[in-house]
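All chains are named by letter (A, B, ...) in the order of the sequence lines, taking the proteins before the strands, and each is independently numbered beginning at 1. All values reported here derive from a predicted model rather than from experimental measurement.
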Amino acid sequence: MQTFKIFKKKLKKMEYNFREIEQKWQKFWKENKTYKVEIDENLPKFYVLDMFPYPSGAGLHVGHPLGYIASDIYSRYKRLNGFNVLHPMGYDAFGLPAEQYAIQTGQHPAVTTENNIKRYREQLDKIGFSYDWDREVRTCEPSYYKWTQWAFLQMFKHWYNKTSDKAEPIEKLIEIFAKEGNKSVNAACNETSAFTAEDWKGFSEKQKEEILLNYRLAYLADTMVNWCPALGTVLANDEVVNGLSERGGHPVVQKEMKQWSLRISAYAQRLLDDMENLEWSDSLKEIQRNWIGRSQGAEMLFKIKNSDVVLEIFTTRPDTTFGVSFMVLAPESAYVQQITTVECKQAVENYLEETKKRSERDRMADVKKVSGEFTGAYAINPFTNAEIPVYVADYVLAGYGTGAIMAVPGHDSRDFRFARHFELPIPQVVVEKGKEPSDTSSWDDSFDAKEGFMVNSGFLNGMDVKDAIAAAIGEIEKKGIGKRKINFRLRDAIFSRQRYWGEPFPLYFKDGIPYPINENELPLELPEVDKFLPTEDGQPPLGRAENWKTKDGYSYELSTMPGFAGSSAYYYRYMDPKNDKALVSKQANEYWRNVDLYIGGTEHATGHLVYSRYWNKFLYDMGLVCEKEPFKKLINQGMIQGRSNFVYRINGTGKYVSLEQKDNYECSAIHVDLNIVSNDILDLDAFKKLTGNEKAEFILNENGEYKCGWEVEKMSKSKYNVVNPDDIVEQYGADTLRMYEMFLGPLEQSKPWDTNGIDGVFKFFRKTWRLFYDQDGNLLVNNNVAEKAELKILHKTIKKISRDIEQFSFNTSVSAFMICVNELGDLKCNKREILEPFLIILSPFAPHITEELWAALGNKESIVKSKFPEFKEEFVTESSFEYPVSFNGKMRFKIEMPLDMPKDEMEKMVISDERSVKWLEGKAPKKVIVVPGKIVNIVV
RNA sequence: GCCUUGGUGGCGGAAUUGGUAGACGCGCAGGACUUAAAAUCCUGUGACCAUUAUGGUCGUGCCGGUUCGAUCCCGGCCCGAGGUACCA
């Protein structure tokens with residue numbers, strides 16, 4: 001590589017030998033355990049956490065460490081400010097890619113995972129992070145997943161009491177059942193028929209267990225699940241993106257299966273409420289709010305004509321009940337079988353068959369297409385007593401509400417489309433303020449009105465929507481045909497995966513009933529299998545394990561836990577990683593409490609960040625942890641995009657044309673490896689060599705160069721735009737990498753990576769070095785007393801840097817450092833009094849070079865143990881200010897005036913300035929605005 | 001469609017959120033040093049019009065408003081990114 005050759009030459013003469021320095025200090029930190037952290041009751045704690053990575057085979061690219069660098073800077077800054085900082089790292093090591101790879105190659109996922117982790121660690125180590133590696137966790141290790149299994153068992157052994165609004169031990173529930181049956185129990189549970197204490201006592205063990213299973217927070221039940229045939233497993237809602245699996249992009253279908261689920265929906269309201277006080281971005285909170293999806297409305301009963309069946313529906317708009325002209329059931333709804341008439345049976349069966357075949361993606365693809373079938377049954381509108389037809393249609397979802405709706409075609413666009421298609425009446429019941437009711441047959445779409453007043457609605461007529469909703473609910477409750485109800489979109493989390501590489505469930509089956517294994521038998525280790533595929537009879541891979549049974553011969557559960565299991569409480573494990581008696585000791589938990597700063601990608605908004613909040617709340621209910629929320633402050637780092645380069649090949653030839661002239665030819669843009677392009681100029685020889693096309697011809701630009709085009713795209717191998725941090729560290733050093741990643745732009749914004757700008761940061765370090773050493777390597781630093789100007793530069797920078805770090809504005813700190821070094825260089829300042837504090841404030845960003853220079857100044861202890869310099873206002877206060885003088889808001893000239901000058905004197909001084917004459921044009925100013933310390937504006 | 005964001009030089013981005021628009025860096029152009037290259041240093045660099053210097057006009061996606069003053073606040077539109085999508 002050309003650039004590398006140049007670099008080698010550079011190094012010979014270069015004073016700042018980053019390579020030697022960085023290796024030296026990384027070794028020093030490791031040997032001295034500089035970043036080891038222990039509980040210290042005398043110091044305030046601060047917990048800084050990165051979302052731990054899944055160790056993929058591809059290794060890290062330059063985008064991954066962005067958040068790690070930011071959190072590392074923050075950790076170091078907090079340490080310098082006297083905090084005891086917990087800053088750990090580990091690996092989310094269970095997961096699908098390793099297993100898919102295992103299926104293809106036969107290589108055990110534990111082996112590939114171990115290798116990948118090694119690679120990750122090497123890459124991380126090169127960047128100089130201040131992690132306490134003694135606290136590392138790996139989710140795939142038995143000593144770690146013991147606690148994942150343990151937490152699951154606790155969920156199995158608890159139920160959710162809606163009255164106390166928390167999880168309680170299942171024993172307590174059994175006591176209640178024995179005393180008074182289940183009548184008074186207000187639990188989050190699956191549908192369970194009522195029983196008395198007498199009934200309970202008469203039930204067999206199996207019956208009792210079956211009933212209890214409906215109440216457990218971790219329960220086994222027939223559920224509609226996302227089944228991914230290609231992966232051979234079910235997936236949680238957040239693992240399905242646009243009807244395809246998040247990993248691999250395979251189609252997903254809906255299927256009813258017996259699956260383990262976590263009753264996360266019981267926590268929906270608390271997940272919503274407790275978010276209020278979190279320091280998360282509004283957008284992230286909003287994503288989570290939408291995902292939880294609270295809606296307020298009513299549950300209502302509709303009688304079926306000539307039948308005992310009563311349809312229960314959920315609506316947010318009970319005010320529009322007078323506008324209901326038909327009803328719709330989800331295809332999966334149990335009501336369908338109950339009410340379909342003999343005449344319609346065949347047609348309905350056909351329809352159900354048809355919808356079953358469609359995948360989620362198909363269903364989502366043609367949302368606009370109307371389909372459905374009449375069941376032959378009629379319901380009675382409880383407000384109008386009208387007979388209305390009941391349909392089955394797949395636009396109604398089984399999983400939401402009750403799987404049945406009252407259709408209000410006048411005011412809901414889906415119902416409207418359906419009504420038009422099946423020629424059903426469309427009554428208008430809401431009118432926009434200031435308008436008259438109109439003939440709905442002339443409408444193009446429904447009026448989905450959240451505001452307006454009621455018409456054709458009996459006792460609701462004339463009310464506005466808000467009042468009408470309240471009045472309608474009042475009437476519904478009075479009539480006893482329904483009640484106020486809050487619904488959530490958030491589903492219980494499907495917790496089983498029919499896969500190998502995950503945590504085994506600590507359960508066995510006896511007589512078809514799941515029983516927990518003894519807690520002292522944890523962890524239940526993942527057994528060996530001959531292949532990582534399902535068994536011949538369709539059992540999950542664990543079905544292949546030989547003698548995978550309890551000592552009494554009972555079979556274990558064959559599914560494993562999903563990816564989010566291991567990541568839901570890892571932040572507690574870091575507090576006390578070696579503890580084999582508890583997830584986390586009371587002492588460690590009460591000291592570290594929760595994560596003060598969490599940095600990671602926004603892609604976890606609906607998965608990890610919901611699950612771990614739920615998991616935490618459950619542990620909180622059990623009294624095991626002391627904080628309601630796990631992550632106090634959260635920052636989403638932006639994505640680093642790739643910057644791809646292109647060459648333009650003239651179609652049908654081996655000729656390439658430079659960017660400037662490409663429009664004169666018919667040509668195709670082809671990705672070119674950015675390693676052979678420098679500042680968009682192509683290295684022609686390297687290109688010939690790389691493509692193996694020695695005869696390639698080029699049409700060059702007027703400078704005799706080949707200029708490439710560029711575009712911002714996702715960083716990916718296929719686009720030849722992946723930049724590896726190792727290469728950057730090799731060429732420029734870790735400090736430059738760290739600093740440049742921060743310099744790219746605001747942390748939370750996504751931005752393209754362009755290595756071209758990195759020279760500026762590299763130059764900055766060389767300039768810094770030259771403040772300490774002359775060209776011959778002599779230390780220049782002296783003990784002379786600092787001048788006012790020098791102190792001003794220093795303190796201005798101290799102030800700016802602490803402010804920026806506290807606001808996570810790291811890009812502007814880098815500028816501030818550059819300005820500081822430029823100014824100190826101009827003053828030829830080599831004074832210890834200035835440079836020592838300067839090193840400290842720079843050290844969070846560039847730990848290696850600062851450590852080296854710090855030692856060179858004769859300091860015996862690591863700079864990590866020093867104290868952040870105190871900002872002193874006195875050094876930066878000015879007695880005068882150079883005021884910009886504007887006329888009608890446009891700046892015309894500047895004038896220096898004392899800051900304590902009275903306003904009227906300033907005014908006089910400005911007006912009498914000779915430069916004002918021109919702008920006043922002989923007129924007297926209409927108005928003069930004087931803002932002390934800011935500006936003078938004259939209105940002419 | 002809905003929600004959340006963002007739109008500033010050739011490029012990444014500043015502007016202490018109502019007070020000098022374009023800090024800092026890259027790139028580019030010119031110069032110094034050098035046998036030469038690299039490195040380093042200096043100067044210039046939003047557009048346009050004038051010009052010996054000086055100077056002027058326009059300019060933060062577009063259109064309007066509030067204000068002495070708007071990148072920042074308000075109303076309307078256009079474009080990009082992310083999330084979500086039959087949620088009743």
Side-chain angles (χ1 to χ4, degrees), chain A residues 6-7 9-10 12-14 241-242 281-291 293-295 297 313-317 320 328 363-364 366-368 393-397 399-402 404-408 412-415 417-418 487-490 602-603 605-606 636 638-639 641 643 679-680 710 740 743-746 748-761 763-764 766-767 770 775 799-800 803-804 807 809 811-812 814-819 822 882-894 918 925-929 931 933-940:
Chain A
I6 293 169
F7 162 75
K9 260 184 171 173
K10 268 185 208 168
K12 261 189 197 161
K13 272 182 87 177
M14 212 183 48
V241 180
N242 290 327
S281 72
D282 289 339
S283 64
L284 186 68
K285 283 187 183 178
E286 197 59 28
I287 291 172
Q288 227 174 73
R289 256 183 231 121
N290 291 340
W291 187 259
R294 183 185 197 268
S295 54
I313 60 102
F314 173 74
T315 179
T316 53
R317 294 297 300 275
T320 60
V328 187
R363 212 163 137 166
M364 285 163 68
D366 40 36
V367 167
K368 289 268 152 65
D394 68 358
Y395 82 87
V396 173
L397 303 177
Y400 186 76
T402 61
I405 63 153
M406 63 179 214
V408 186
D412 180 285
S413 57
R414 297 152 302 176
D415 297 343
R417 275 200 301 272
F418 194 86
N487 230 317
F488 293 96
R489 205 188 79 117
L490 184 72
T602 177
E603 67 272 20
T606 55
N636 291 122
M639 255 220 321
Q641 296 147 309
R643 187 181 187 276
N679 282 323
D680 293 338
W710 63 274
Y740 187 55
F743 190 50
L744 279 178
E748 298 183 65
Q749 225 165 274
S750 47
K751 58 243 160 188
W753 176 273
D754 182 2
T755 308
N756 286 327
I758 204 168
D759 276 338
V761 171
K763 272 186 213 162
F764 160 78
R766 277 182 300 192
K767 281 187 203 167
R770 258 179 271 129
Q775 296 216 306
K799 186 181 180 187
K800 172 88 176 136
R803 231 190 89 100
D804 283 353
Q807 299 182 348
S809 173
N811 54 326
T812 50
V814 179
S815 306
F817 282 125
M818 286 173 169
I819 293 167
N822 287 345
E882 194 180 26
Y883 283 90
V885 178
S886 314
F887 289 78
N888 295 330
K890 284 210 158 64
M891 204 279 287
R892 297 302 178 182
F893 62 86
K894 288 180 198 170
K918 176 177 172 187
K926 274 195 195 134
K927 198 175 176 185
V928 181
I929 292 108
V931 186
K934 287 261 161 93
I935 200 168
V936 178
N937 189 24
I938 298 161
V939 188
V940 186

Which is true for [X] with a 4.0 Å heavy-atom rule: it touches a base, it touches only sugar-phosphate, or it touches nothing?
| X | result |
| --- | --- |
| Leu744(A) | sugar-phosphate |
| Ile929(A) | base |
| Ser886(A) | nothing |
| Asn811(A) | sugar-phosphate |

Worksheet item: Start at the 5' end of RNA chain B and walk down; is the nucleotide closest to Gly293(A) or to Lys934(A) reached first?
Response: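 Checking each residue's closest nucleotide, the 5'-ward one belongs to Lys934(A).
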
Worksheet entry | Closest-nucleotide 5' rank along RNA chain B - winner of Phe314(A) and Pro884(A) | Pro884(A)

Item to complete: Stems involving RNA chain B: give each as a range paired with a range, ordered by first number, where a stem means at least three consecutive Watson-Crick or G-U wobble pairs under 3.5 Å.
Response: B:1-7 with B:78-84, B:10-12 with B:24-26, B:27-32 with B:40-45, B:46-49 with B:55-58, B:61-65 with B:73-77

For nucleotides 54-58 of chain B, print each protein N/O atom paired with a nucleotide N/O atom at under 3.5 Å, atom names and distance only.
residue : atom : partner   : partner atom : Å
rG55(B) : O3'  : Lys918(A) : NZ           : 3.2
rG56(B) : OP1  : Lys918(A) : NZ           : 3.1
rU57(B) : OP2  : Arg892(A) : NH1          : 3.1

Discussion item. Looking at Lys799(A), I'd like to know if its NZ atom is crowded, meaning that more than 12 non-hydrogen atoms belonging to other residues, nucleotides or ligands lie closer than 6.0 Å.
Written reply: no

Restricting both atoms to N or O, compile the protein contacts to nucleotides 24-28 of chain B shorter than 3.5 Å, with distance only.
residue : atom : partner   : partner atom : Å
rG25(B) : OP1  : Asn822(A) : ND2          : 3.1
rC26(B) : OP1  : Lys763(A) : NZ           : 3.0

Worksheet item: Is Arg489(A) positioned over the aromatic face of Trp291(A), cation under 6.0 angstrom from the ring centre and no more than 45 degrees off axis?
Response: yes

Atom [atom1] of [X] to atom [atom2] of [N]: distance rounded to whole Å?
| X | N | atom1 | atom2 | answer |
| --- | --- | --- | --- | --- |
| Asn290(A) | rU5(B) | CG | P | 12 Å |
| Phe764(A) | rA39(B) | CZ | P | 20 Å |
| Met891(A) | rG19(B) | CE | C1' | 12 Å |

Worksheet item: In terms of side-chain heavy atoms of Ser295(A), which of rC86(B), rG13(B), rA88(B) is nearest?
Response: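 Side chain of Ser295(A) sits closest to rA88(B).
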
Practice prompt. Answer yes or no: is there a donor N or O on one side and an acceptor on the other, between the side chain of Asn487(A) and the main chain of Ser295(A), under 3.5 Å?
Written response: no

Practice prompt. Look only at the side chain of Lys751(A) and the backbone of Pro746(A), and say whether a donor-acceptor pair between them is shorter than 3.5 Å.
Written response: yes

Worksheet item: Mind telling me whether rG31(B) is syn or anti, cutoff 90° either side of 0?
Response: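 Classified anti.
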
